[in-house]
Every structure is written in C-alpha cells, then in structure tokens.
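Chain A is the first sequence line, chain B the second, and so forth, proteins listed ahead of strands; every chain is numbered from 1.
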Amino acid sequence: MDFPSLSAAVAMTAASVPGLAGFALSRAWRLEARAARRLSAASAGLALVLGLVASALYALGGPGEATWLRLGPFWGQSVGIGARVDGLTVAMLLTVTLIGSVVTGYAVRYLDGDPGQARFSQWLSYTLSAVLLLIVSSNLALFFAGWIATSHGLHRLLTHWSERPAALLAARKKFLISRIGDALLLTAFALVASRFGSLEFSEIFAQARTTNEAEILPIALLLVLGAMTKSAQFPFHTWLPDSMETPTPVSALMHAGIINAGGFLLIRMSPLLAAAPAALVPLALGGAFTALLGSVAILTQTDVKRKYAYSTVAQMGFMMLQCGLGAFAAAALHMVGHAFYKAHAFLAAGSVVDTELPTRSAREGAGGRSPLAIGLALAAGVAIVGLTASVLGVDVQAKPGLPVLSGILVLAAAQLLLTTRPALPSLAASAAVGGGIAAAYFLSVAAFEGLLRGAIPDALPTGASLVGLVPLTLVALFASAFLVQQVLAPNPASRLARAAYVHTQNGFYLGTIQNRIVERIWPLAKPGRSL
Amino acid sequence: MSMSADLQPVPAAPLRAPETGRSSGEAPVIAIHEASRAGLERAVEAACGRIPPLWTLRNFVAVNAFMGLAELPFHEAVREVDRLFHGRALMPLPFYRDQQARGRIHESDLRAALAEAPGALARPDLAAIDPERLLGELREEDDGSPTPAQRVLTLAEAIDREEGSRWGPTVVHEVSKWCAARFDKGQAAWKQPWRDLAPYPAWRESAKLDRNPELLGLVGFREYVASLPPAPMDAIAAVLAQLGVPAPQHRDLLTRELASIAGWAGHVQGLVREASFSDQSDDSLVNLLAIRLAFDGALDRALGGRKGSLLRASPRPDAADAPTGRLLDGWERRSIWQLAYEAGYRGRLLSELSAHRASETRKPPVRPLLQAAFCIDVRSEVLRRNLERESSAIETIGFAGFFGFPIEYVKAGDQLGSARCPVLIAPGLRVRESAPRGSDAEAKSQRARTRHERFTAARKLNVGAYPLVETIGHFFGLRLLTDSLGWTRPHEGGALFANRTARELAPSIELEETAHGTFGLTLEDQVDLAESALRNMGLTRRFAEVVLLCGHGSLSTNNPYASSLDCGACGGHRGDVNARIAASVLGSPEVRAGLAERGIDIPPDTVFVAGLHDTTRDVVELFDGAELRPGLRRQVEAWLRAACARTRRERAHRLGEEADSALGRRLRRRAADWSELRPEWGLAGNAAFIAAPRDRTRGLDLGGRAFLHDYDAAADPHGKVLELILTAPLVVASWINLQYYASTTDNDVFGSGNKALHNVVGRHGVQLGNRSDLLVGLPWQSVHDGRDYVHEPMRLTAIVEAPLVRINAILGAHEELRESIEKGWIQLIAWDASRGRFHRFRGAEAGWEILDVDA
C-alpha cells in the first residue's frame with residue numbers, strides 16, 4: 001500500500017473510531033457513566049493520534065484518495081465509502097480531532113454526577129465522528145451522510161436537558177433551519193449527479209474546469225445557501241446565541257467544529273465555485289453583512305456565552321466573506337484559528353470572573369474620538385499595513401481577496417491605535433503590535449496557500465461583472481461597524497445611539513421573531529407540575 | 001448613591017396622572033388617600049425587607065437565604081418561604097424516610113422529635129395526643145407536598161396557571177435582560193445609556209424603545225410604559241390600582257413580585273446595603289419593584305385589562321391539607337422529620353462530647369513549641385486534629401480567619417480595594433500590597449498588567465478581532481492542550497502574575513500617604529488591634545516559641561464560584577493577607593512594648609508566622625518567618641506536611657479519590673483542572689458550632705462538620721469575649737449554615753443550579769443557560785455528588801461552654817440573637833462540662849431545659 005492510500009485509510013479510521021467505540025460500543029454494552037465517558041475520551045484521543053499519522057503520511061506521500069466499498073447504484077449513482085486526504089483534510093482533521101479530544105476529556109469531570117452523563121458522552125462521540133466523516137469523505141454522498149449525522153447528533157446534545165423549555169426551543173429552531181439547509185444541499189447534489197454523472201469530488205472537480213458557468217451557477221448558488229444555513233449566516237444565525245442551554249463542552253465543539261461545516265463545504269467545493277464566480281457575490285455580501293451584524297451585536301451583550309456566540313456569528317461571516325472573495329486559503333486559516341480560539345474561550349468561560357478587574361476603572365467613559373483622530377488613525381493604519389506588506393514582499397493586488405482583507409487590516413490597526421492611550425510610547429507599541437499582526441497575517445495566509453495547494457483553485461477567473469462592486473460594499477460595511485464602535489457607542493446622550501443600543505441589545509429582534517414562528521410550527525408542551 | 005437622591009420615597013400626596021402629552025385618557029388616573037399611601041409605603045418597605053442581599057462572585061459571601069423571614073419562627077417561615085418564594089425549606093418526606101431506612105434517623109430520634117413538636121411547631125395540642133398515632137401519620141407513604149394553591153403569584157404566574165402560558169419566565173427574562181445591562185461590570189463594550197438616571201426612570205426610557213416585549217405578545221407595551229408615572233412609588237400605586245389589588249394583599253403581592261426576580265433583587269439589595277454603610281439611602285430596590293410590577297400592569301393591559309381579578313381571587317383551599325382526618329399537615333410532618341434528623345446528629349455529637357470529656361487525660365506542656373491559630377471554618381477542624389496528633393508540644397486555636405484585622409486591601413497597581421473582614425463589619429483601615437525596598441516587583445506587576453490590558457483591549461476590537469483570530473488563534477490550539485493537562489491556567493493574566501513577582505509582593509503595614517489616600521496602620525491602631533485579637537483568641541500568656549496564624553483559601557481553576565470556597569471571615573477572599581498583617585504587627589517590637597503596657601507579655605523569642613491552608617489540596621504554605629531558628633522552622637514544616645498528608649487521606653473518599661501515595665499529586669491536578677466542578681466540598685456538612693476550650697474536643701473526630709471557636713470562660717469574667725463570639729462568629733456561621741441548608745433543600749430556588757449550565761453575566765454573577773434571573777446561593781455541585789446529598793441540611797447546633805447566667809445576660813442584651821434562637825434558626829446549647837450536662841435554650845420564658853445524653 002502506498003502512502004497516499006494508506007493515509008486515506010488512516011484518516012477514515014480516525015473518523016470512525018469515536019463513533020464506533022465511543023458511541024456504538026458503549027451503547028451496545030450499556031456502559032455506565034464512568035466507563036462510557038472514559039471510552040469517549042479515549043476514542044477521541046485515538047482519533048487525534050490517527051489524525052497525526054494520516055497527516056505525516058500526507059506529508060511524505062502527498063494527497064491521496066481511496067474507496068473501499070461501493071454501494072448501490074441508487075438512482076443511477078453508486079455510493080462509495082471513501083476518504084480523500086489533501087491539505088484541507090489534514091488541516092481540518094487535526095483541528096477537529098484535537099478539539100474533540102480536549103472536549104471529550106473536559107466532559108469527563110464536567111458532567112460528573114449528571115444522571116445523563118453516559119448518554120451525553122455517547123452522543124458527543126457520535127457527533128465528533130459525524131464531523132470527521134464529512135471532513136474525510138471523498139464524495140458528496142458520504143459528505144451528506146456526515147452532514148445529516150452532525151445535525152442529528154447536535155440536536156441530541158442540544159436537548160440533553162430536555163426538561164428545559166429554552167433548550168427545546170433553541171434546538172427546534174436549529175432543527176428547522178438545518179432542514180432548510182439539507183433541502184438546499186440535497187438539490188445541489190442531485191444537480192451535481194445529473195450534470196457530472198458522479199458524486200466523487202475528484203471527478204466533479206476534473207469536469208468543472210471544462211463546464212460553462214451557466215450550468216454550474218445554480219449548483220453553486222444552492223451550495224452557497226446551504227453552507228450559509230449551517231454556518232449561522234444571517235438570517236439563519238439566531239439559533240446560535242440561544243444555544244447556551246447545553247453543557248459548555250457542546251458549545252465548544254459546536255463553535256469550533258460543527259459550525260465550520262458550511263465553510264468547509266465551500267472550501268472543499270471551491271474548484272467548482274471557481275467555475276461560477278457569480279455565486280460568490282451573494283456569499284461575500286451575506287458574509288459581510290453577517291459579520292457586521294455580529295460584530296455590532298456583540299458590543300451590547302452582557303453574558304459571556306452569548307457574547308461568544310455573536311462573536312462566532314461575526315467570525316463565520318468573515319470566513320464566508322473570505323470564501324466569497326475567492327480567498328479560500330485565508331478562509332481555511334480563519335476556520336482553524338477561530339476553532340482553537342473559540343473552543344478555548346468556551347471551555348474557559350468560567351474564568352471571566354478571574355479576569356475581572358473591577359478595581360480599575362480603565363477607560364470607561366473615555367468618550368468618542370474626534371473625526372481628526374479617526375482620520376489620522378486610518379492614515380497610520382494604511383502606512384502600517386503598507387509598510388508591512390512591502391517589507392514582506394507581498395503584492396496586495398495579486399491574490400484574490402487580499403485587497404479587501406488588507407483594507408480590514410488597516411481598519412483593525414486604526415482601531416487599535418484609537419483604543420490606545422494617546423501618548424507616544426503607547427502609540428508606538430500599538431503600531432508595532434498592528435504591524436506584527438499584519439505581518440503574521442500575511443505570512444499565515446501564505447503558509448495556508450502552500451498547505452492547500454491543489455485543494456483550492458489558484459485563481460478566480462477575472463472580469464466577472466458583479467465582482468468589481470463587491471470590495472467597495474465590503475469596506476463600507478466594515479467601516480460602518482468601525483464607526484458604530486468609535487462614534488455611536490461612546491455617546492449615550494444621542495437619540496440615535498440610544499435607540500440603536502436597545503435594538504442591538506435585542507439582536508435586532510430576529511431571534512424573538514423566529515422563536516414565535518418556531519413555537520407556532522412546533523409548540524412546546526404546556527407546563528406540567530410546578531412544584 | 002447620589003443618583004437616587006431625587007427619588008426618595010415620595011411624600012404622601014395625592015397622585016396625579018402623568019402628563020405624557022398624548023393619550024392621557026389611557027393613563028391611570030387615581031387618587032389615593034394619604035393614609036393608604038402611607039400603608040403602601042409600608043408594604044413596599046416590608047416587601048423590600050424580605051429580600052436577602054447577594055454578593056458578587058468576586059467576594060461571594062454566605063448569606064442566610066431566609067434572612068427576610070428571620071423574624072418568624074422557623075416552622076412558620078417554612079410556609080412563608082413556600083408561599084412567597086415558591087421554595088422548599090424542608091426536604092420532601094421520601095428523603096427523610098430514606099434516611100430512616102439507612103439508619104441515619106432512629107426511632108428514638110422520631111420520638112424525641114415528637115416530644116419537641118408541641119413547642120417547636122406551636123402545636124400545644126399535640127402534647128396530649130398518643131405518640132403512636134402521630135408516628136403512624138409520619139410513616140404514611142405519601143410525599144407530603146402541599147399543593148401550590150396557596151402560593152402568592154405575580155399576575156404573570158397567575159395567568160400561566162390559568163392558561164398554561166409562559167408569561168412568568170418571559171417577564172423574568174425581560175427584567176433580567178435589562179438588569180444585566182444596567183448592572184454590568186465590564187462585560188459589554190457598549191454600555192447601556194441612561195446610567196445617570198435611577199433604575200426605574202432609566203428602565204422607562206429604554207422600555208419606551210424596546211420592541212421585544214411587543215414581539216413576545218405584550219401588545220401596546222411601549223405606550224403603556226410611557227403612560228406610567230415617572231416616579232417609582234407612583235408607578236407602584238398606579239399599577240396596583242389598575243389591577244385592583246386590595247390593600248391587605250399589597251405586601252404579599254409586592255414581596256412575590258420581588259421574589260420572582262430574587263437574584264437581581266438581591267443584587268440591588270446588596271447595593272442598598274453598601275450605600276447604607278456610608279449612611280446614604282438608596283431606593284434602587286423600590287425602583288426595581290416598580291419595574292417588575294410594570295410588566296404585570298402591561299400584561300394585564302395587553303390581555304384585555306381584566307386579568308387583575310386573578311390576583312383578587314381568594315386562595316383556594318389546599319387539597320392536600322383538606323380535612324383528611326390527619327392531625328398533621330404536610331409541612332408539620334416534614335418539620336417533625338426534620339427535628340428527628342437534627343436530633344439524631346445532636347444526640348451523637350453530645351454523647352461523643354461528654355464521653356470524650358471523660359476520657360481526657362492529656363497533660364499540657366509547660367510551654368508549647370507551636371501554637372497554630374486557624375479559622376473557625378469547619379475545614380480547619382480536620383487539619384487541627386491531625387496537626388495536634390503530631391506532637392504534644394503543639395496547640396491549636398480556633399478564631400475567625402481575619403485574625404481580628406478588619407482591613408480593606410488594595411493590590412499592587414489597583415486603586416480600589418476589597419474588604420477583608422466578615423460582612424457584619426465595615427473595614428476601618430486600608431492596607432496596600434507592595435514590594436520590599438529595592439525590589440522591582442511592583443513595577444513588574446504593573447507592566448505585566450499593562451501588557452495584559454493591551455491584549456484584552458485588542459481582543460475587544462470588533463473589526464480587529466478578525467485578523468487577530470487568524471494570527472493568534474492558532475496559539476490557542478497549544479493552549480487548549482496545556483490547559484487541559486493543567487500546565488497552564490486559562491485565566492489569561494494568571495501566568496503573568498503568578499510565581500516570582502507575586503511572591504515578592506506583600507501587604508505593607510507601614511503608614512504612608514499616597515495620591516490615593518492613606519495606607520497602613522498607625523502604631524496605636526496596631527496595638528489596639530493586636531490586643532483585641534489576642535484577648536479574643538484567648539492567647540494572652542504561655543506564648544509558644546512559634547505562633548502560626550494560618551488563614552485559608554481554596555485553589556480552583558475556571559470556577560466562577562471560587563470565592564465561595566475561600567474564607568468567609570475575610571469577606572470571601574483568601575486569608576493570607578490578614579494572617580500576614582497580623583503576624584507582622586504582632587512581630588513588631590514597638591507593638592509588643594505597647595502590649596506589655598497593657599498586660600500582655602510576649603516573650604522576645606516568640607515568633608509569629610503567617611500561613612495559608614489551601615483547602616483544595618490540603619497543603620499549608622508559610623510566609624515570612626525568616627527570623628525563625630532554622631531547625632525549628634524545619635520541624636514546624638515537617639509537622640504541617642505530615643498533618644496535611646493525613647488530612648488529605650481523610651478527605652479523599654469524599655472527593656472520590658483513593659487515599660494512596662499519589663493522592664497529593666491528584667489533588668494538585670484537581671485544583672488545576674479547568675473542567676472540575678467539584679474542586680473540593682467547601683463547608684458542606686457543617687452542622688455544629690462549638691465555643692469551648694480546645695481541651696474539650698482535642699483528639700475527637702468531629703468529621704469536619706464543626707466550627708470550632710476557642711473560648712475559656714474562666715479567662716472572660718465579664719463575658720465580653722463571649723458576647724463577641726455569640727454576636728459575630730456565631731451569626732456568620734449560621735448564615736453559612738443556612739446558605740448550605742437552603743441550597744440543599746431547594747437548589748432551584750435558593751441555590752444556583754447546575755454548574756454545567758452556568759453562564760457568567762456582567763462579570764459579577766451567574767445566570768443559567770440563555771437567560772435567567774441572577775442566581776443565588778450555591779451550585780448543585782456544591783451540595784450533591786451526583787448520587788447523594790453531601791450536605792446534610794440541618795440548622796446549626798451551637799454548643800457553648802459558659803455559665804448560664806452569663807449567656808442569659810448576653811441574650812438579654814441582644815434581642816435579635818435571642819430571637820433567632822427562640823425561633824428555631826439556631827439551636828443554642830450550654831455545656832456544663834464539670835457536671836457533664838447540656839442545657840438547651842428554649843426561649844426567654846421557657847428558659848433552659850436539660851438534654852438527656854446517652855452515655
């Protein structure tokens with residue numbers, strides 16, 4: 001057996017272990033909590049080790065694909081149990097198995113004494129395997145199986161405490177949104193099957209290059225919409241801030257692994273999307289709008305977990321925006337970085353009391369900044385980012401999406417300067433930090449481009465008519481988020497700011513409206529005994 | 001709180017409709033007589049008085065969950081707790097029957113309880129009933145729950161009961177949403193506007209803009225809020241009039257309104273209490289009451305304006321209490337079982353004490369080598385017992401863990417400090433953390449803090465967060481691993497401060513004037529505090545060569561409730577600061593000279609050393625004490641190590657750990673484990689308070705369940721020390737006891753529920769899941785191990801070795817204390833050790849009764 005097919009086999013084993021051992025075995029043996037949770041954590045740890053092995057094999061032998069079992073044909077399509085290992089698989093496999101090991105290990109003590117711990121551990125393993133399955137799968141059928149199973153497992157985890165009405169409501173909202181996404185994807189996959197005569201990724205990508213845009217566009221649009229339902233994009237994001245009725249480890253896995261499925265789908269299908277760039281326009285706009293919405297809503301949130309949820313909404317929006325700009329490597333980088341960051345944030349959510357510094361009234365009431373200061377900061381931001389790019393020899397114009405992303409780096413640097421105490425040493429330190437972040441950013445993107453070579457398209461066809469409008473819209477959206485934080489929030493006296501505050505705090509009422517709809521479709525049982 | 005200055009309860013005056021300029025016909029126009037206005041104000045005050053204050057997570061101090069009902073006898077309070085708070089102050093009957101089946105409650109305990117019942121339940125008629133008949137009733141196999149029919153309900157709850165709707169939780173969520181923003185301590189970057197207004201007017205402004213209630217079905221909410229009077233008292237009067245609630249029901253309804261948001265009400269009560277410490281009046285709680293009531297008014301209006309009748313309906317007869325031929329109703333049966341449950345523990349404790357007394361043979365050394373003073377905290381009992389086993393040259397002392405130094409402590413780089421003393425007193429002196437001369441630790445910690453703040457600020461950027469996540473996000477992959485393995489702690493600043501820098505910092509008692517005020521203690525303060533500390537500790541002669549003042553604190557990771565495991569006597573903080581201050585004051589030659597003038601001679605070779613008992617890992621760390629003879633220091637450390645090892649083994653099984661050689665390592669791991677919800681058991685199990693010379697209890701295994709306060713009646717002829725013990729440490733112990741009690745009997749209402757659902761709100765409190773009221777009390781994980789309750793809910797049994805006349809004099813002078821005993825909140829037992837007798841206080845009239853003790 002050569003390295004590539006061996007690595008595919010190991011990757012598939014890694015994906016199966018948590019489901020087979022943590023879920024199937026511990027259910028079949030009816031293990032009690034102590035044994036079940038140990039098996040769950042051990043199988044996730046084993047998946048991590050196998051993920052490392054698969055990555056090493058990939059590093060030695062390059063990308064590989066293998067299919068072991070063909071079922072069907074069903075409706076003219078045979079379905080293969082097969083794995084595909086490329087740079088994208090490796091990045092996500094390692095990310096999710098690492099987080100999966102940490103999360104299942106965390107749940108061992110965290111749910112100790114919970115009467116449902118055995119069941120919880122089992123469904124956690126099941127869900128982990130489902131996510132891994134969609135990552136390693138070599139065809140759309142298996143991918144879809146993983147996609148559905150992820151949603152199924154997550155539903156079981158979200159309703160772990162099913163006696164809590166709020167838990168049920170959030171889970172049902174998620175359930176209904178997911179079914180919309182399933183329908184979109186199923187249609188897309190059916191179109192793929194009829195157009196390309198195959199569900200295998202390699203086959204689809206090979207043909208996509210030679211297919212004209214008009215034929216691919218409907219498929220690409222369906223994929224984009226389906227991905228947006230899974231990755232909490234506006235208006236499908238509302239279940240996420242309401243999902244805190246589940247144990248913390250679930251939040252960590254959800255925000256770090258499951259929520260990425262939409263983004264992963266788009267990056268995985270990027271060779272196809274590249275053939276229909278018009279589909280990327282709504283993706284970029286939708287992502288940017290979601291990022292804006294999340295990043296404004298986050299400012300008013302008073303509890304730590306809801307804040308993290310809106311942060312995820314915003315980050316997923318940004319990731320979708322990157323996909324929409326064709327910056328698929330940057331999107332993958334974002335997915336991985338965000339996964340680690342957010343998993344850690346949730347698992348450490350009990351520590352925010354530690355970090356509270358109530359005895360220092362740091363910058364409260366510092367007030368807004370003058371237009372002049374904002375202008376100067378923006379100019380400095382341009383200088384910092386431009387300088388960093390030229391030192392590193394990065395041609396900002398060359399890569400898809402990089403101009404817009406550099407614009408956002410500029411805004412970030414400006415924002416950093418504006419929150420700094422206006423004294424030279426502090427400003428210099430902030431400028432250095434801004435330059436450092438820009439440098440790290442450019443280098444990381446370059447590294448991910450190297451890692452994903454072959455898995456994503458090198459360049460988007462240029463000249464698509466709509467695409468030119470996108471960057472302008474985006475920078476405007478982000479600039480408005482910037483202005484909200486710099487101008488609106490620090491001015492409690494203005495009427496506009498007051499109204500904006502109240503609506504923002506309520507997440508613009510989207511959650512409430514959707515809750516009402518869900519309750520009508522799927523009513524909660526009347527409350528039973530009250531003592 | 002100056003903001004409320006313009007919102008003093010409005011003087012009784014006829015109420016006019018608000019002039020809102022529009023739809024004035026809609027505004028409730030009512031005129032109220034002065035008399036009824038005064039009555040309403042009394043009702044509001046009474047309702048506010050029922051709400052116990054809640055401390056923030058930074059200094060989570062135990063509070064009696066039933067504080068607002070403490071003026072009632074316990075057996076009545078139990079019913080009121082259910083009626084107003086919808087909570088259970090007694091366990092369900094199956095619990096007690098199970099305790100009997102396990103042998104925890106004996107038949108004799110039940111008979112003892114029956115004998116107590118006529119007095120304890122105010123049912124003198126029971127004395128004439130055949131006990132067998134009562135026992136028969138107690139054994140009946142129902143669960144004895146009263147139906148909720150007699151509960152006082154808010155309008156939202158009343159509608160829910162009629163229609164099966166969910167208005168109750170909806171209203172709680174909306175009020176909590178607003179409170180969380182109003183009282184946020186640094187979570188949200190965009191602060192709620194209107195913070196310059198008092199709560200009710202501020203809420204009114206935001207509610208006029210908030211469409212969420214209307215989307216939830218509260219039609220016309222914004223318009224209704226705009227039509228409400230602008231002052232809270234007027235608004236309360238207006239809504240009550242709109243709902244047509246008769247005056248006699250006002251107090252109960254208003255209490256229930258507040259109790260339905262008991263967490264936030266408690267938080268606000270805490271602010272009111274804080275303001276009262278600086279002699280300011282604060283009517284924030286009245287404001288909050290107006291806010292809560294306004295939702296009921298809006299609900300009534302939204303549902304057609306005739307729902308108020310639900311509140312007027314007289315309580316329906318309680319089905320469970322309907323005549324069944326029983327003599328005892330559900331609460332009475334539970335109460336009697338509870339008495340039996342407590343009698344069982346008390347009986348065993350008293351017989352152990354008296355038996356132990358008989359076997360006491362130890363001869364005290366002329367001069368001990370080590371005197372170690374520990375906090376009265378129940379966790380100290382285990383360590384003290386094990387330490388004393390090490391050598392007859394060791395004596396231990398029990399004293400409140402702030403060691404008599406009530407200070408406000410300001411950490412290096414901070415401007416404001418925290419109170420390091422029992423909540424009953426306000427700190428009088430400020431002490432600063434600083435580094436010794438020539439050390440740059442202070443500057444270093446300052447720099448570390450600036451770095452940390454810059455990092456935190458960068459994370460808070462909204463646009464900046466995206467590139468930041470892509471660049472630094474990857475390091476969190478590593479961090480996930482190191483935090484999981486316990487190598488690092490998720491607390492971001494932790495790594496920066498820990499270790500060397502922090503070790504060099506210490507509280508400085510030196511007097512200094514800074515830009516932020518005066519810090520340190522004058523010599524006179526020092527001598528005064530030293531004298532009273534030593535006298536109250538009973539340590540005025542026979543000083544050992546080493547006097548260890550050992551505070552306590554608990555190390556846990558990622559635990560919002562960490563401070564609930566720390567020292568209550570230090571205001572929910574670790575006790576090392578107070579111990580170090582006390583040790584350095586008592587070590588000072590000037591102070592000793594001053595003490596000598598006041599008749600306390602500390603030998604020149606006596607060294608005071610401060611220590612900290614980490615109650616998670618059961619290790620003791622010593623501070624300072626450089627002047628100690630090296631050999632002696634090693635000896636003391638060896639004793640402590642051995643005692644700690646035995647303490648760990650003793651506690652291991654309750655933590656579900658094996659008592660093997662790796663135990664210490666596993667406990668360290670446990671303290672560093674970010675997923676651990678039960679780092680230790682805190683004060684779970686606490687049941688007794690013993691004020692007596694240590695000789696009475698030395699060597700006796702009290703199971704880590706007793707607060708031990710040293711008290712030698714012979715050295716306290718005027719009863720001053722005893723007075724302090726009964727009015728301060730005993731009260732604090734009882735608050736802790738009742739907090740554990742209530743968190744056990746009804747964790748949903750008086751505890752903070754499942755930690756796995758906790759969500760820190762506003763950086764100072766916890767809510768459950770997506771949205772809930774602020775949580776009060778202790779988490780379920782603090783009283784229950786998943787299979788069984790770890791805490792036994794019993795009211796505190798206080799045993800005091802002192803002459804009855806002296807206790808009587810103190811009870812006579814302190815009415816509140818006497819009443820809390822008479823009314824059954826604390827049990828007070830006087831111990832006449834010379835005759836081996838125990839007397840229980842039954843009340844000012846009934847006096848003392850002798851308790852039978854099995855030999």
Exercise for the section: Kindly compute the distance separating CD (B:Q781) from OH (A:Y110), expressed to the nearest 0.5 Å. Expected result: 8.5 Å

Fill in the blank from the handout: Scanning both residues in full, the closest heavy-atom pair of B:V760 with A:A349 reads CG2-O, 4.1 Å

Practice task
Identify the heavy atoms of B:L209 and A:Y509 that sit nearest to each other, and give their distance.
Solution key: O-OH, 3.8 Å

Exercise for the section: Would you check, one step at a time, whether the test side-chain contact (heavy atoms from CB on, under 4.5 Å) holds for A:V296 with B:W190? Expected result: CA-CA 9 Å; A:V296 173; B:W190 188 351; 4.3 Å; yes

Completion exercise
Under 4.5 Å to a heavy atom of chain B? For A:A500 that would be both

Handout entry: Under 3.5 Å donor-acceptor, B:N759 side chain and A:K305 backbone
Key = yes

Exercise for the section: Can you tell which part of A:S243 gets under 4.5 Å to a heavy atom of chain B, answering side chain, backbone, both or neither? Expected result: backbone

Handout entry: Atom of B:Y466, atom of A:H334 and distance for their closest heavy-atom approach
Key = O-CE1, 3.8 Å

Handout entry: Basic-acidic side-chain contact under 4.0 Å: A:D112, B:R678
Key = yes

Practice task
Select one option (side chain, backbone, both, neither) describing which atoms of A:P249 are under 4.5 Å from chain B's heavy atoms.
Solution key: neither

Problem - Exercise: identify the closest heavy-atom pair between B:A188 and A:T302 - result: CB-CG2, 4.4 Å

Fill in the blank from the handout: NZ (B:K755) and CG (A:L111) are apart, to the nearest 0.5 Å, by 13.0 Å

Problem - Residue A:S311 versus chain B: region with a heavy atom under 4.5 Å - result: neither

Practice task
Identify which of B:D785, B:D748, B:L481, B:L768 forms the greatest number of heavy-atom pairs closer than 4.5 Å to chain A.
Solution key: B:L768

Exercise for the section: With a 4.5 Å cut-off on heavy-atom pairs, point out which of B:G786, B:S484, B:G473, B:A181 contacts chain A the most. Expected result: B:G473

Exercise for the section: Decide yes or no for A:F318 and B:V469: does some side-chain heavy atom of the first lie under 4.5 Å from some side-chain heavy atom of the second? Expected result: no

Practice task
Assess the side chains of A:T512 and B:N212: does a donor N or O sit below 3.5 Å from an acceptor N or O?
Solution key: yes

Problem - Residue selection (most heavy-atom pairs with chain A, distance under 4.5 Å) from B:N754, B:L480, B:D184, B:T471 - result: B:L480

Completion exercise
chain B shares the most heavy-atom pairs under 4.5 Å, among A:Q315, A:Q301, A:R306, A:H338, with A:Q315

Problem - Part of B:D746 lying under 4.5 Å from any heavy atom of chain A - result: neither

Practice task
Pick whichever of A:R498, A:Q505, A:H503 has the most heavy-atom pairs under 4.5 Å with chain B.
Solution key: A:R498

Problem - Nearest heavy-atom neighbours spanning A:I437 and B:P467 - result: CG2-CB, 4.2 Å

Problem - Distance-minimising heavy-atom pair for B:K177 and A:N506 - result: NZ-OD1, 2.7 Å

Completion exercise
Most contact-rich option vs chain B, by heavy-atom pairs under 4.5 angstrom, among A:A414, A:G337, A:A439, A:A438, is A:G337

Exercise for the section: Ignoring hydrogens and angles, tell me if any N or O in the side chain of B:R787 forms a donor-acceptor pair with the backbone of A:G113 under 3.5 Å. Expected result: no

Practice task
Answer yes if the side chains of A:Y106 and B:N558 hold a donor-acceptor pair under 3.5 Å, and no otherwise.
Solution key: yes

